[in-house]
Every structure is written in C-alpha cells, then in structure tokens.
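Working notes, beginning with the structure itself.
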2 protein chains.
Amino acid sequence: MPEIRKDIVSGSWVIIATERAKRPETFTPQKPEKQNDKLDKCPFCCGHEHMTPPEVLAIRKNTSIPDEPGWDVRVIPNKYPALSICEGKECEKQGIFEFMAASGVHEVIIETPDHEISPGKLPVEHVKKIVDSYYHRYVELEKDAGIKYIQIFRNHGQEAGASIEHPHSQIIALPVLPPSLKQEMEEARNYYFREKKCVYCKMIEEELGRGDRVIMENKDFAAFIPYAARFPFETWILPKRHQSSFSEITMDERQNLAEILHDILSRMWDYLKDPPYNYYLHTSPTDYNHIPDYHWHFEIVPKLTTVAGFELGAGMFINISNPEASAEYMRKGH
Amino acid sequence: MPEIRKDIVSGSWVIIATERAKRPETFTPQKPEKQNDKLDKCPFCCGHEHMTPPEVLAIRKNTSIPDEPGWDVRVIPNKYPALSICEGKECEKQGIFEFMAASGVHEVIIETPDHEISPGKLPVEHVKKIVDSYYHRYVELEKDAGIKYIQIFRNHGQEAGASIEHPHSQIIALPVLPPSLKQEMEEARNYYFREKKCVYCKMIEEELGRGDRVIMENKDFAAFIPYAARFPFETWILPKRHQSSFSEITMDERQNLAEILHDILSRMWDYLKDPPYNYYLHTSPTDYNHIPDYHWHFEIVPKLTTVAGFELGAGMFINISNPEASAEYMRKGH
C-alpha cells in the first residue's frame, strides 16, 4: 500500500511512493532517464491519446471527441501516481512511528499537442487555456473533503526533474498540509496579528513603490524578485487584489495571469537562454478560503545553481546573484 | 557589503554572497563549472599550498613546516567565502525588510593530499584525521561569541555541488540559527516535554530493536535509513550515548565515528557505484551544550534523484525507494 510516513522529529510527511518504487539495485549515479522523447513514443502527443488514462478535462474544439485529437490542453490522471484515492485516512502506527495511506490525486496537464514548444513561446491565448485548466481542476478537486491541499507545479528541463519532455504541468492533491505552506501560513498570520495587514499585500506595496526588484506588472498582477531571493532569478507573481485561495481568481484576472506568466517565461527563455526551471503555486489550504492573512502566488525558480550540503543541512540558502541587479537585467535584457 | 537578508514571511535568513556574486548575464543553463580539475592547477594538491590562504589547522608530520608539504589534512579559509568576520551584527532596515552583515567564517578542510581518492576509499586511520579536524575546528570556532551555529558539510561530485574535485569538506560558521536546526530543536523539545525522553535516543532504541532499517552499528554509533527518509538511501549516523553538541564527542568516539562513516561511504561507493552525495552535521547551536532534548548526528544524502517543483513548492518529499529494502541492500550489497 502506498503510504505517507511522518518524520517523528519534524512532524513532516514523506510520501513513500511504493507504486513507483524502484528496486534498490536500479539506483545508479546516472542521470534520470529521459523517457519518451521520441515523438512516436510520446504518450502526450496528439494522436497518442490511447496511451494515457482517459482525460478528466480537456479544452478542445467543440466538434471533437474526448480522448481523440482536437484538444489544446488535456488533463489526465498520472499513469504512475505518487498518491491515489483510497480508503483509510486515519493515522496508523508502526512502533513509535506514524503513517497513513497515501490517499490523494495526481494529474498531468498536457499543455499543448505540440511536443517541441515551450509555454514562454506559446501564444498568450494558449497560456490562458493552461491557466484555465489549472483553475477548473483546482475548484473541482477542492470539493473532495479528503483533500487538504492542492499543489500545482511545473518542471521544465531534465535538470529540473522533467522526466517527459512534452510540455506539461502537474497537480498533486494531498490529504495533509505540506510543511512549506504550514510554515508560511503561520508566519503570515503572526505578521497579520502584529501589523494588521497581509504581509504579501504589504510586500507588493513596498516592491511597486521601490521598483528596483520589479520585473513587470499589469492591472492585476506584479512580478518581482523577492528581497531575500533564495535562488538566482527567483521570481514571484502575486495578484494585486488580496486573495487567499487560487479559487478566488476571476476570469479577467486569469487573462492577466496568463499574460504576466507568459511574459516572465518568455524573458527567461530569451535572457537566460531557456534554463531548466520549476514553478509552483502557493495557495491557502482547501478549507481556508477568503482569509485575511494569506495571499496566493506563483514562485518561479530557474535551476542555475546546485543545491548542496550547506543548503540541505542548514535549510538556508546562499544566493550568488544580486536580486536588484538580476531584476534590472530581466527588465532590460542586458 | 556581503549581507544576510531576512525573508519577511518565513523569517528565514538568506546569504546574498555578493563577494561571489556573478553578473546576471553570466547565468546560463550550462552545468556549474568544474574548476581546477587539472592536477597542476588544483590549489588543494600537495605542493600548491601557496595557492591558498595560510592554513588555520593541519594534521602534518612533526618535522614539516606550515603551508608546506608534509600534511595529511589541511584546513584553510575559503578563498571565496560566503561570509567573513566583520563588524555590525545588528539588524538594519531596508524599507520593511531586515538585513545584517554576513559575519561569519567559511573554511575548507582539504581531506588528503591525494587529488584522486575518495574518503570511502581512504584508510580508516586517515578518515579519523578528517573527523579530528572537524572536531578541533568546531571547538575552536565555538569560542567566538558572534557564532551561533557551525555547519560542517561535504559535497561529493559535481551533481552534488562540488565545484572543486579534490576531496574536501567545508565549515560555515553562522551568526544566526539556520531554519533546519530551529525547526528540529523546537520539535525535539516538544517531544521531550511530552515523552520525557530525547526523540533521537528513542529512535535509536526503536531502530536497533527492529533492525530492518539498520545498515550497521559499532560500540558508539548506529547507522540506519530513517523511517521517513526523504531521499533514496538517505542514511543517518547517530552516537548511541546522548550528546547534544558535537563538541561533546570523546576521542574514542571519534575513532568509532571515523570507522562507521568510512564503512557507510565505502558501501555507497561499492553498492551504488560512487554516487554524488552530500553529508552534513546537525548539532545543537554553540550556546546550547549538554541539553537533554537534542542529539547531534550526521545525515548522508546520495543524489540519485532530482528535487523538482513538487518538493520545492510543498517542502514535502516523494521517495521512490523503500527504506527497508534499501537498508537490506546496503547491508548485503545485493
């Protein structure tokens, strides 16, 4: 049975993905396999719909048929899920340790039928469809009472953990609140109690006022390199209007999110020469909509340096770039 | 001025290493440079002592002269430090944000004059000298009232962040308590208050009692794969005797630490085919010796998988190996 184990010291949960587990002897220092990068074997390419589980959502031409060509964005269950819906969400014991069934949902958002393109190079209208699919799956998954948190994320490039080259994002819906969110929410609440203001709203006000770390803004969103950026060119995109949950985004705001996300990814492609990167959504847990002290946002992290022993050990980062100089470079391209 | 910036949400500190900062345009998706792997240019090789700052400690033949050949282990200040001793340890403000001078110490432990060898393949007596140098630098740096935490760590292989191939460890002495330790200490204290026992002592008792995650033990140390291992083959080495700070280790225990560390690294070399890895010490902060609720240990993390968007976003790990099967493999080699 796939399980989530609790670290007895930190209280953090670790998914032991036994369904995907490799035998010990298969771990060798070689790079992760790059699967299915031959177009005729790629399960995400148009015409290969039969190679995946049936779609749970697709943005497709009105006349086209589910699980057939004619789609722009297609959402499917992950064939090798880290979690799957199952009974038994109570903690069980193994000696002094605790675990629970790894109950949840793991989906793949195939972003385009085109194997070769990157979201930064897709038309904005297409990126809007990707953002819409994030939204529609989010509000659907949120209805499941067993789901506590929905993690939307994207890995670009093999060095950033993408095992399939065809452009895709992923959604993992979890039965527990993950550590990053627990910590952010606690600290944001402390700030709110102390200062009577959302820390993210305050940050947006400060950054747009100063401007030196801002890359761009539009009517609804601001994109900047945070003051204490952990990684070179780490970029955050925040809605200007206070919203704790991603489910609160309006249709107009989705359009402007698509525009700013597209622009940032396009600048990264051009100015940083198509770097590997990860991005992910941080949003309030499913049972915390419309709270005053949290504020959803995307964090985009190009993978330009290696996380090593110091960072792993200390949980503290050494950034070898200057946030203000990096933001200026991302504004101008030189 | 090099500075440590505080993340306004999480309260975590990030070192902005301006001394090492690269210009934005030099960030490209290529792999980190592998410097000095030509033997005649390696600053850590025997005979090249003039290429480094003067040594702060060396274990060397009695008749040999400092900063000349004749050493077995040599400790030097890092030529490109992430932190350096400086005045002004108070927090300053930039708008709503806080920072302080990046005051601290960054040293390199050159583990052997031999460029080509790995600690898993060095004689145990030599590994003892490396452990001794960790200890001697630890107790020396601990005396500085400005130092709050001493992070000893090792990066092995380019994929694990080693920019110089010649075998070496590093020490970063920090003016703040890093997030990983803050969290571990808080949670270990909660456990102690609740259960009246050190959580690490309890874990050792449980693991040695069960045995299925134990790789090996000797008189003073136990090495096992933790129940909620985040990474495949993640291995912890803990002293059996309760000790909160690494400075409490005895000379006999240093011998047994060298033996078990050597054996684990040797098994990784043989059974996992010389994987890239990181290891690091977790110990109580410098002003918390002899406390009942923390327990120093080493964590060894082979780099066999890629940390990607889910892990970065959620702070939660998906381990695609089974801890019990992995421990069995590390015990037997098949």
Side-chain angles (χ1 to χ4, degrees), chain A residues 5-11 13-17 20-22 24 27-29 32 82 95-97 151 153-155 160-161 172 178-180 183-184 187-188 199 206 227-228 230 232 272-273 275-276 278 280 301 304 306 308-310 312-322 325-326 329, chain B residues 5-11 13-17 20-22 24 27-29 32 82 95-97 151 153-155 160-161 172 178-180 183-184 187-188 199 206 227-228 230 232 272-273 275-276 278 280 301 304 306 308-310 312-322 325-326 329:
Chain A
R5 295 185 177 189
K6 192 178 200 169
D7 181 309
I8 194 171
V9 184
S10 69
W13 296 95
V14 174
I15 300 172
I16 305 290
R20 331 171 105 190
K22 293 194 195 176
F27 284 95
T28 55
I96 61 169
F97 302 112
Q151 180 67 71
F153 63 102
R154 184 176 208 283
N155 303 332
I172 291 185
S180 294
Q183 191 204 7
E184 267 189 19
E187 302 289 350
V199 64
E206 176 85 10
Y227 175 71
R230 298 159 299 170
L272 301 176
K273 303 196 175 93
N278 304 107
Y280 47 86
V301 178
L304 301 165
T306 307
F310 176 73
L312 276 176
M316 183 169 171
F317 292 85
I318 301 175
N319 186 345
I320 58 165
S321 77
N322 176 285
S326 300
Y329 181 77
Chain B
R5 295 184 176 190
K6 192 177 199 170
D7 181 308
I8 194 172
V9 184
S10 69
W13 296 95
V14 174
I15 300 172
I16 307 290
R20 338 169 102 189
K22 292 196 196 176
F27 283 96
T28 54
I96 61 169
F97 301 112
Q151 180 66 72
F153 63 102
R154 184 175 208 282
N155 303 331
I172 291 185
S180 294
Q183 191 204 6
E184 267 189 18
E187 302 289 350
V199 65
E206 176 85 9
Y227 175 72
R230 299 159 299 169
L272 302 175
K273 301 196 176 95
N278 304 105
Y280 46 86
V301 179
L304 300 164
T306 306
F310 176 74
L312 276 175
M316 184 169 169
F317 293 84
I318 300 175
N319 186 345
I320 58 165
S321 77
N322 177 284
S326 299
Y329 181 75

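Quick note on labels: first sequence line is chain A, next is B, and so on, each numbered from 1. All of these numbers come straight from a predicted model, not from anything done at the bench.
- Using a 4.5 Å cut-off between heavy atoms, A:Q151 touches chain B through its side chain atoms alone.
- In this structure, CE in A:M316 is found 12.0 Å from CG in B:D7, a value given to the nearest 0.5 Å.
- Between chain A and the residues B:I172, B:I15, B:V199, the most heavy-atom pairs under 4.5 angstrom are made by B:I15.
- Considering only heavy-atom pairs separated by less than 4.5 Å from chain B, the leading option among A:Y227, A:F310, A:F317 is A:Y227.
- Take B:R5 and apply the salt bridge (Lys or Arg N to Asp or Glu O under 4.0 Å) test, not counting sequence neighbours, and it matches A:E324, B:E3.
- Residue with the most contacts toward chain B among A:G315, A:G309, A:A325: A:G309 (heavy-atom pairs, distance under 4.5 Å).
- Top candidate by heavy-atom pairs under 4.5 Å with chain B, chosen from A:S10, A:A188, A:A314, is A:A314.
- Shown here are the side-chain contact (heavy atoms from CB on, under 4.5 Å) partners of A:A308, two or more places apart in sequence or in another chain: A:E311, B:N155, B:N278.
- Here the straight-line distance linking atom CD1 of A:I318 with atom CD1 of B:I16 works out to 10.5 Å at 0.5 Å rounding.
- Note: B:F97 leads B:W13, B:F97, B:Y329 in heavy-atom pairs under 4.5 Å with chain A.
- Heavy atoms of B:E206 lying under 4.5 Å from chain A belong exclusively to its side chain.
- Ranked by heavy-atom pairs under 4.5 Å with chain B, the first of A:S326, A:G95, A:A228, A:G313 is A:G313.
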